[in-house]
2 protein chains.
Amino acid sequence: MDTLLRTVGEPRRCEIIRLVWSDELAAAEIASHFPDVTRSAISQHLGVLRRSGLLNERRDGTRRLYTVNQGELAKLKAFIDSFWTTSLEKLRDLAESSEQMKGHE
Amino acid sequence: MDTLLRTVGEPRRCEIIRLVWSDELAAAEIASHFPDVTRSAISQHLGVLRRSGLLNERRDGTRRLYTVNQGELAKLKAFIDSFWTTSLEKLRDLAESSEQMKGHE
DNA sequence: TACTTGCGTAAGTAGCAACTAACGTAATCA
DNA sequence: TGATTACGTTAGTTGCTACTTACGCAAGTA
């Protein structure tokens, strides 16, 4: 989870995920969305995203096409969601223990 | 959103959020959960979290008590969720435009 | 008042991470 | 075969960031 957090914590990588969310894009197409940095920088970001499991790579001739592994990002989503659900569980546990208290009254 | 992402992208800060999610804790209590780093390091993390708007501070004597600003974290949750909803919207737009196509056939 | 507690802050450092420039490489095409 | 395209990778640099140490400061306490 730490790896996932760190990977998405970089704004450009987050933007890349958004770019290839529903469209399969080649590395150069992705890089063209970031005119302020070199293609090499984007290639390295793609490497980080790939190793984190957030991006899938498919080869087509000399091109490399990327898509999002939505399941991996879903883990992050579930992690964020868990902040809310755990507090609900705490409330439920509290309710249960007070029920037990009543039983012993 | 970049600030929010960067703030949460640091594992210790993420853990701090979890700690004070449902319990109001003093700085020293939070620091005691991280025996491997100094209290100062945690204090600086608390500063980052506070400036990002993720934590609320309340003073009680010499102590400073922290709680999570859940609304701010909800923004991050909404951002992550938006990855899925925007793709749904794209499908909806696609469906609408193909409806228009049918009308012009 | 002096001392202690509980904290933030400033200064300085070490390590990492994002970047550029240069190079290597597989696939394609002339 | 040589040239080109579309990439990744390596080496080296710079800047940031998480950290420690030292200090400052307000609020209690003897």
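Each chain gets a letter, A, B and so on, in the order the sequences are listed, and its residues count up from 1. The shown structure was predicted, so the numbers you read here are calculated from the model rather than taken from an experiment.
- Salt-bridge check for B:D81 with B:K77: passed, with a basic side-chain N closer than 4.0 Å to an acidic carboxylate O.
- Using a 4.0 Å heavy-atom distance criterion, B:R59 is classed as making no nucleic acid contact.
- On the nucleic acid side, DNA chain D contacts chain B at distances under 4.0 Å to non-hydrogen atoms, with the end points of that region at D:dA18 to D:dG28.
- With rounding to the nearest 0.5 Å, the separation of CD in B:Q44 from CZ in B:R39 is 10.5 Å.
- Backbone-only contact: B:A28 has heavy atoms under 4.0 Å from sugar-phosphate atoms and none from a base.
- Positionally, the nearest nucleotide of DNA chain C for A:I42 lies more toward the 5' end than for the other of A:I42 and A:D60.
- Extent of DNA chain C lying under 4.0 Å from chain B heavy atoms, first and last nucleotide in 5' to 3' order, is C:dT5 to C:dA10.
- Residue B:Y66 is in sugar-phosphate contact alone, with no base atom involved, counting any heavy-atom pair closer than 4.0 Å across all strands shown.
- Nucleic acid contact for A:A27: sugar-phosphate only, since backbone atoms but no base atoms lie under 4.0 Å from a heavy atom of the residue.
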* Between B:I16 and B:I30, does a side-chain contact (heavy atoms from CB on, under 4.5 Å) hold up when you go through it step by step? -> CA-CA 7 Å; B:I16 289 174; B:I30 296 168; 3.9 Å; yes
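- The residues B:E57 and B:R59 are annotated as salt-bridged, a charged nitrogen and a carboxylate oxygen being separated by less than 4.0 angstrom.
- If you find the closest nucleotide of DNA chain D to B:G61 and to A:S40, the one lying nearer the 5' end belongs to A:S40.
- Looking at heavy-atom distances under 4.0 Å, A:R13 makes contact with sugar-phosphate atoms alone, never a base.
- Across the interface with DNA chain D, nearest-nucleotide mapping of A:Q44 and B:Q44 shows A:Q44 to be the residue nearer the 5′ end.
- Of the inter-residue distances, the one linking A:R50 atom CZ with A:L55 atom CG reads 8.5 Å to the nearest 0.5 angstrom.
- With rounding to the nearest 0.5 angstrom, the CG atom of B:L5 is 6.5 Å from the CD1 atom of B:I80.
- Ion pairing between a basic and an acidic side chain is recognised when a charged N comes within 4.0 Å of a carboxylate O; B:K75 and B:E72 show such pairing.
- Salt bridge present: B:R12 and B:D36 bring a charged side-chain N and a carboxylate O closer than 4.0 Å.
- Between the side chains of B:R18 and A:S82, at least one donor-acceptor pair of N or O atoms lies under 3.5 Å.
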